[in-house]
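In what follows, chains carry the letters A, B, and so on, assigned in the order in which the sequence lines appear, proteins first and then strands, with residues in each chain numbered from 1.
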Amino acid sequence: MPDAGALHPERAALAPLLEKLTEAAGTAFLEAVAAPDMDELAIRPEGLLPVMDLARCHGFNHLLDVGGVDHHPLTPRFEVAYHLTALSANSVERAGPILHPPRLRVRVFCDEPEPAVPSVTHLWPSANWPEREVFDQFGIRFDGHPDLRRILNPDDFVGHPLRKDFPLRGQARRFVPGGRVGPIPPLETRR
Amino acid sequence: MSTRGTTLFADNPDVQLAPGAEQDTLVLSMGPQHPSTHGVLRVLLRLDGEVVVSAEPEIGFLHTGIEKQAENLLWQQAVTVVDRADYLAPLSNSLCYVLAAEQLLGIDTIPPRARVLRVMFTELTRLASHLVWLGTHCLDLGAQSIFFYAFEMRERILSIMELVTGARMHQSWFRIGGLAIDVPVGFLDAIDDFIARFPQRLADMRAIVEKNVIILDRLVGVGRISAEEAVAWGLTGPSLRATGIRYDVRRAHPYCDYDQYDFDVPTQTEGDCYARFVVRLNEMYESWRIIKQARDRFPGGPVTIDDRKIIPPPKTEIQHSMEALIHHFKLVSAGFNVPEGHVYQAVESPRGELGMYVTSAGGNKPWRVRWRAPSFYQTQALKRLAPGNLIADVVAIIGSLDPVFGDVDR
């Protein structure tokens with residue numbers, strides 16, 4: 001596997017920015033790691049908005065993804081991972097250069113009983129749906145989100161399926177004629 | 001060429017209604033059974049006459065909990081469910097997953113034959129996916145004959161897939177550490193035949209649609225998005241490159257030796273439906289070039305790494321060696337453990353940047369497999385692209401974004 005630094009000289013240029021991001025996070029800072037795939041920053045939710053604001057100002061204009069992880073039974077239990085990349089929109093021409101943008105990962109750790117993370121929808125409109133998905137699947141609240149509803153599961157769904165304490169089977173419901181919803185009997189009695 | 005899309009609703013960011021004007025609008029629920037929604041998308045359109053004022057896509061009809069299922073299967077078994085997310089490009093999904101798992105395991109070199117075959121087959125998958133897009137997108141616009149041309153060619157690709165992997169749609173052929181099986185006798189003839197046939201057929205298809213007056217009329221100037229906005233809305237792949245940004249994961253973060261292949265990253269600058277259309281047509285030619293280069297280098301040797309803790313031994317060895325039998329038994333019953341860690345791996349799927357954020361807790365099952373599904377973000381961008389256009393243009397916009405709902409809903 002080729003050396004990541006050789007392929008991406010941009011990564012070396014990120015070091016000053018990482019220091020600034022660490023500063024911006026303040027007391028919410030947890031750790032900064034140069035992971036093999038990209039540089040990453042781990043913070044508590046309080047530091048998210050200043051960090052993301054700064055990253056956005058320094059060219060990280062493309063929010064690749066917002067994804068949740070449940071680390072149960074570890075604490076803090078929930079992680080929300082933001083992947084950013086910097087696409088320069090200046091090179092808009094048919095034969096412009098092929099981009100080799102740097103990437104950045106921000107991991108935010110929040111805990112029960114009420115896991116909550118500030119929303120970044122005001123910085124990237126694309127954060128709207130993935131934040132709804134994390135809310136739907138993990139029950140993590142995004143403060144300041146304009147439209148925090150379930151997205152993949154039905155609105156009347158109970159529970160958050162991607163939490164580790166949500167069973168893979170046995171707790172589902174059955175759709176019965178007439179539109180009402182009934183419980184599925186336990187597995188043992190089903191024939 | 002029509003000026004309808006370019007002048008009348010040119011500034012479409014926010015077609016705002018005057019206060020009180022909401023009562024003159026009509027809400028139309030398009031889908032989830034509408035044929036042009038390519039599966040199960042429901043779009044709530046607020047209409048002023050025939051003009052869309054706002055659009056709210058509703059998704060989740062195809063949600064099958066693949067992320068949850070992957071957490072409950074052994075690392076190697078999860079390849080089969082991962083395949084089923086984006087059902088038009090199954091091999092791109094599994095490539096992304098196996099690359100992520102290999103990074104976590106610290107497998108840095110897999111045999112050259114496996115690398116070349118991975119490239120060749122993900123590019124064949126891209127061609128098959130773009131052919132479905134071309135056929136169905138034009139069918140949405142009312143063009144019938146192109147559909148038969150595209151699907152005839154796709155059928156040839158699926159036959160090659162079937163010859164090699166035994167399955168036409170969900171091949172599940174890639175494995176952590178290599179490939180499931182080597183290619184059979186007769187594969188090279190089949191791929192040579194395809195390589196010889198494709199350029200002429202692509203030229204035929206382009207001749208039918210590319211300068212077709214009706215296609216131009218329906219696509220030029222419709223669903224336009226600027227480069228800045230495309231970035232802000234998280235578009236990737238052909239939809240992003242149609243705005244002029246030359247970002248392709250195969251070039252930006254090369255995997256599987258893509259940096260050693262000679263291919264272009266086609267872009268357009270207009271950012272409308274027609275630009276996306278042309279970018280995909282050009283991409284098909286580039287994919288063909290990559291397949292041809294892969295065929296030319298096609299090295300010999302094994303298709304899996306030589307690590308008995310990851311890849312089960314061959315049957316002949318199991319029959320003679322007790323140790324090989326134990327390895328096989330352990331791999332089938334308990335799988336292998338993957339060191340603790342997390343990694344983000346991205347590949348260029350036919351729809352854009354397909355990323356997987358895979359977390360391992362050190363066990364024999366993935367702790368979490370998070371998809372960065374390109375279709376998910378492209379469907380979301382419909383909220384921005386549809387307003388200001390006519391209802392009929394929404395069909396063209398959905399088709400030009402090429403979402404696959406297995407990918408959106410997972």
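Ranked by heavy-atom pairs shorter than 4.5 Å toward chain A, the options Thr236(B), Asp257(B), Thr379(B) are led by Thr379(B). Considering only heavy-atom pairs separated by less than 4.5 Å from chain A, the leading option among Arg372(B), Gln380(B), Arg368(B) is Gln380(B). Heavy-atom pairs under 4.5 Å with chain A were tallied for Val249(B), Leu240(B), Asn72(B); the largest tally goes to Asn72(B). With chain A as the partner, the residue from Gly60(B), Ala232(B), Gly234(B) showing the most heavy-atom pairs under 4.5 Å is Ala232(B). With chain B as partner, the option from Asn153(A), Leu64(A), Leu63(A), Asp136(A) having the largest number of non-hydrogen pairs under 4.5 angstrom is Leu64(A).
Contacts between Arg150(A) and chain B at a heavy-atom distance below 4.5 Å are absent for every atom of the residue. Contacts of Arg241(B) with chain A are absent, with no heavy-atom separation under 4.5 Å from either backbone or side chain. Contact annotation for Glu102(B): neither backbone nor side-chain heavy atoms come within less than 4.5 Å of a heavy atom of chain A. For Ser226(B), no part lies near chain A; criterion is any non-hydrogen pair under 4.5 Å. For Glu71(B), the part lying under 4.5 angstrom from a heavy atom of chain A is the side chain only. Only the side chain of Glu353(B) comes within less than 4.5 Å of a heavy atom of chain A; its backbone N, CA, C and O stay farther away.
No donor-acceptor pair closer than 3.5 Å links the side chain of Glu67(B) to the backbone N or O of Leu162(A). Of the possible polar contacts, one joining the Lys68(B) side chain to the Phe166(A) backbone as a donor-acceptor pair under 3.5 Å is found. Put simply, the side chain of Arg370(B) gets close to the backbone of Val66(A): a donor and an acceptor are under 3.5 Å apart. Side-chain atoms of Asp37(A) do not come within 3.5 Å of backbone N or O of Val343(B) as any donor-acceptor pair. His62(A) contributes a side-chain N or O that, together with a main-chain N or O of Leu235(B), makes up a donor-acceptor pair within less than 3.5 Å.
Within residues 112-125 of chain A, the residues that have a heavy atom under 4.5 Å from a heavy atom of chain B are Trp124(A), Pro125(A), listed by number. Applying a 4.5 Å heavy-atom cutoff, the residues of residues 68-85 of chain A that approach chain B are Gly68(A), Val69(A), Asp70(A), His71(A), His72(A), Glu79(A), Ala81(A), His83(A).
Note: Trp129(A) and Phe376(B) meet the aromatic proximity criterion, with ring centroids under 6.0 Å apart.
Here the straight-line distance linking atom CD1 of Ile59(B) with atom CD1 of Ile151(A) works out to 4.0 Å at 0.5 Å rounding. Atom OG of residue Ser126(A) and atom CZ of residue Arg384(B) lie 14.0 Å apart, to the nearest 0.5 angstrom. Note: Arg107(A) CZ to Thr359(B) OG1 = 7.0 Å, rounded to the nearest 0.5 Å.
Scanning both residues, Trp367(B) and Lys164(A), for their nearest heavy atoms gives O-NZ, 2.8 Å.
Under a 4.0 Å N-O distance rule, the pair Glu58(B)/Arg132(A) does not qualify as a salt bridge.
Counting only N and O atoms by type, the side chains of Asp65(A) and Tyr377(B) include a donor and acceptor under 3.5 Å apart.
Gln137(A) is listed as a side-chain neighbour of His63(B), based on a closest heavy-atom distance under 4.5 Å. Contact of the Glu228(B) side chain with the Asn61(A) side chain is not registered, since no non-hydrogen atoms from C-beta on lie closer than 4.5 Å.
Residue-environment remark: CD (Glu19(A)) stays at or below the threshold of 12 foreign heavy atoms within 6.0 Å. For Lys20(A), the NZ atom is loosely surrounded, since the number of other residues' heavy atoms within 6.0 Å does not exceed 12.
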